[in-house]
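Within every chain, numbering begins at 1; the chains are lettered A, B, ... in the order of the sequence lines, protein sequences first and strands thereafter.
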Amino acid sequence: MASITMKDLVKAYGNVEVLHHVAGEIEDGELIVIVGPSGCGKSTLLRMIAGLETITSGDVKIGDKIVNDLEPAERDIAMVFQNYALYPHMSVRENMAYGLKIRKIAKDEIEQRVQEAADILEIREYLDRKPRQLSGGQRQRVAMGRAIVRNPQVFLFDEPLSNLDAKLRVQMRLEIRKLQQRLGVTSIYVTHDQVEAMTLGDRLMVLNGGYVEQFGTPIELYNRPATLFVAGFIGSPSMNFLPATADSGILKFGKAASIPSANHAAGAVTLGIRPEHLVHDDAGPIKITVQMSEHLGANTLIHGVLEGTDTDFVASMLGHVTADPGSTMSFSALTENLHIFDAASGKRIEG
Amino acid sequence: MIENRPVLNIASHAVLIIGIVIVALPIWITFVAATHDPVRMTQAPIPMLPGGHFWENFTQTLFGGGLSGTESAPVWRMLLNSLMMALMISFGKIAISLLSAFAIVYFKFPFRMGFFWLIFITLMLPVEVRILPTFEVVADLGMLNSYWGLSIPLIASATATFMFRQVFLTIPDEMLESARIDGAGPLRFFWDILIPLSRTNIAALFVILFIYGWNQYLWPLLITTETDMTTIVMSIKQMLEAAEQSPQWNIIMMTALLAMIPPVFVVVAMQRLFVQGLTETDK
Ligand SMILES: Nc1ncnc2c1ncn2[C@@H]1O[C@H](COP(=O)(O)OP(=O)(O)OP(=O)(O)O)[C@@H](O)[C@H]1O
Ligand SMILES: [Mg+2]
């Protein structure tokens, strides 16, 4: 078991820098999720830690050892790939045993470890099959089995569930979490799915365009997003943003609407309110012209624009709420649920 | 195209049968000729049914001096020479092109693409084009009348290198990365993963190359002067011209028949892999 330290990591292809001074510490036994939109550099960062991608500058430490110049096999890691990358010509058993065989571990110990992993993952009856004779979910398990038998210091996952259907994804997500907790192995998990990130991670690292936007627990990210990007990325449906002007505790927005806030910000800001934090209130300051509503059963999403403007707005109401298109609805929100960001930099402005 | 009309069925069978008859007729005549005595084969009309001299012709051809009245090597010797040449060419070609494709696909070295194109250009230089300089080189190396001389000049192969390069390019990068994480070095990766994954392609190529090697005519004709080193394909031609007498068709046809057996055997034995290698795309 080991901690991982990323110090000032930079990755450049030619003179295009795709990761900019990424830093962060991962504690022993923690599961960290790296999340962000496509192309933000998640895989690149993971592969730098794995040793599959060279490090342009900065350091990666596993335990107290700088591993920049070590081959992947010497870093004591195991990786699960998106397309599983099982060796098609080897049986499940051989796939799992291959790495151990190369390390010249005794035959009966290999067999024992393979059996143990197969038990944990419930793939015992497939041990003699070839990968092509397995379903996607079973292949996924084998790929994890291959990681487990190696008994590594670190697990690395690169979007391991994105080839599975939605239901299986939820199930495997839980299993990965349980497995990781049971084995207590430090893990890094890459995904672009924010729900997966929120449910799985002890902490989340949100990447955007090669920059770390925020690194914290799911609740921190939800309650106190550090930037507009994080605010919009975490939570579904995503946060509403309104251009506003702050003046001595009053936020003015839309067509002559205003709401009090406990924030000291002044000047042009962006006001963020999560759809689920809006309260239907006929005297509320936030007036919406309804365009349509979506009924999801447990709740209703009301889509519209801020009255008199063309700023899109979504409100999430519990239960079944009827709202006619074209009508006006008013909402209020608790002061503590207002997020205020600098209009220019997008950075959060704290109370 | 799946249709199920009886008329169409009969028609397509008829076409296939006519095709087979046309292709098989010369082979049948070869077989028939190899079963008669020499005199019968010179009389018109030539027989269409087998005669009773098969074993006699067989032993005389395979173990005797072949044609009577000439001093050629027995046919088993020629078969052996041809087999050695064909095997050395096909194994040599496969080994060398596997390695060069491996280098070109998986290693970054200076002028990598330069080397690739150099290999590619040799496509334009088959043996026939470079035959004189190649002969000179082989002669200077003292390889005339040897298996090395017969096979080495034919071994370098751009086609096979190119084919293996394409095969390797279809193998996902993750396979290599997975192997690196498992701790496999380059050679291990080559042996444990690349070779098994290219198995069917290797088999398909082996069939093609074996036949290519077996059918070599011009090159063996040039560099073998001792009768002990002659190959079977070149000898058949020589038998026709041998002696001033009329051709001994029974012996010549028996030789031709024997010359067909190894390639047929290779094709039949490797058929399944061969078809897979040419058609299968998913890895
Ligand atoms: N070999 C390369 N040469 C140049 N640029 C590259 C190379 N590999 C990746 N990139 C760039 O690096 C950036 C990050 O790529 P990366 O694969 O890490 O994205 P990602 O966050 O994993 O995206 P996804 O969710 O789509 O997998 C991308 O903009 C990509 O274009
Ligand atoms: Mg990726």
A:Glu111, CD atom: more than 12 neighbouring heavy atoms under 6.0 Å = yes

Does any heavy atom of chain A fall under 4.5 Å from the side chain of B:Asp192, the backbone, both, or neither of them?
-> both

Flag yes if more than 12 heavy atoms outside A:Asp64 fall under 6.0 Å of its CG atom; otherwise flag no.
-> no

Heavy-atom pair of closest approach, residues A:His89 and B:Leu197 | ND1-CD2, 3.6 Å

Does the pair B:Asp182/A:Arg150 count as a salt bridge with the N-to-O cut at 4.0 Å?
-> yes

Flag yes if more than 12 heavy atoms outside B:Gln271 fall under 6.0 Å of its CD atom; otherwise flag no.
-> no

Given side chains that start at C-beta, do those of B:Pro196 and A:Met90 come closer than 4.5 Å, heavy atoms only?
-> no

Only residue of B:Leu176, B:Ile181, B:Asp173 satisfying side chain to side chain contact (heavy atoms under 4.5 Å, CB included) with A:Leu52 is B:Ile181

Within 6.0 angstrom of B:Phe109 CZ, more than 12 heavy atoms from elsewhere = yes

Engaged part of B:Arg188 at the chain A interface, taking heavy atoms whose separation is under 4.5 Å | both

What do you reckon, is OH of B:Tyr106 surrounded by more than 12 foreign heavy atoms closer than 6.0 Å?
-> yes

In Å and rounded to the nearest 0.5 Å, what is the CD to CD distance from B:Glu177 to A:Glu53?
-> 8.0 Å

Segment of A:Leu100 engaging chain B (4.5 angstrom heavy-atom cut-off) | neither

Between the main-chain N or O of B:Ala179 and the side-chain N or O of A:Tyr98, is there a donor-acceptor pair closer than 3.5 Å?
-> no

Considering only heavy atoms, which portion of A:Phe81 lies under 4.5 Å from any heavy atom of chain B: side chain, backbone, both, or neither?
-> side chain

From CG (A:Asn95) to OG (B:Ser178), nearest 0.5 Å = 8.0 Å

Check whether A:Arg47 gets within reach of chain B through its side chain, its backbone, both or neither, counting any heavy atom under 4.5 Å.
-> side chain

So does A:Glu71 have more than 12 non-hydrogen atoms from other groups sitting under 6.0 Å from CD?
-> yes

Closest heavy-atom contact between A:Ala85 and B:Met175?
-> O-SD, 4.2 Å

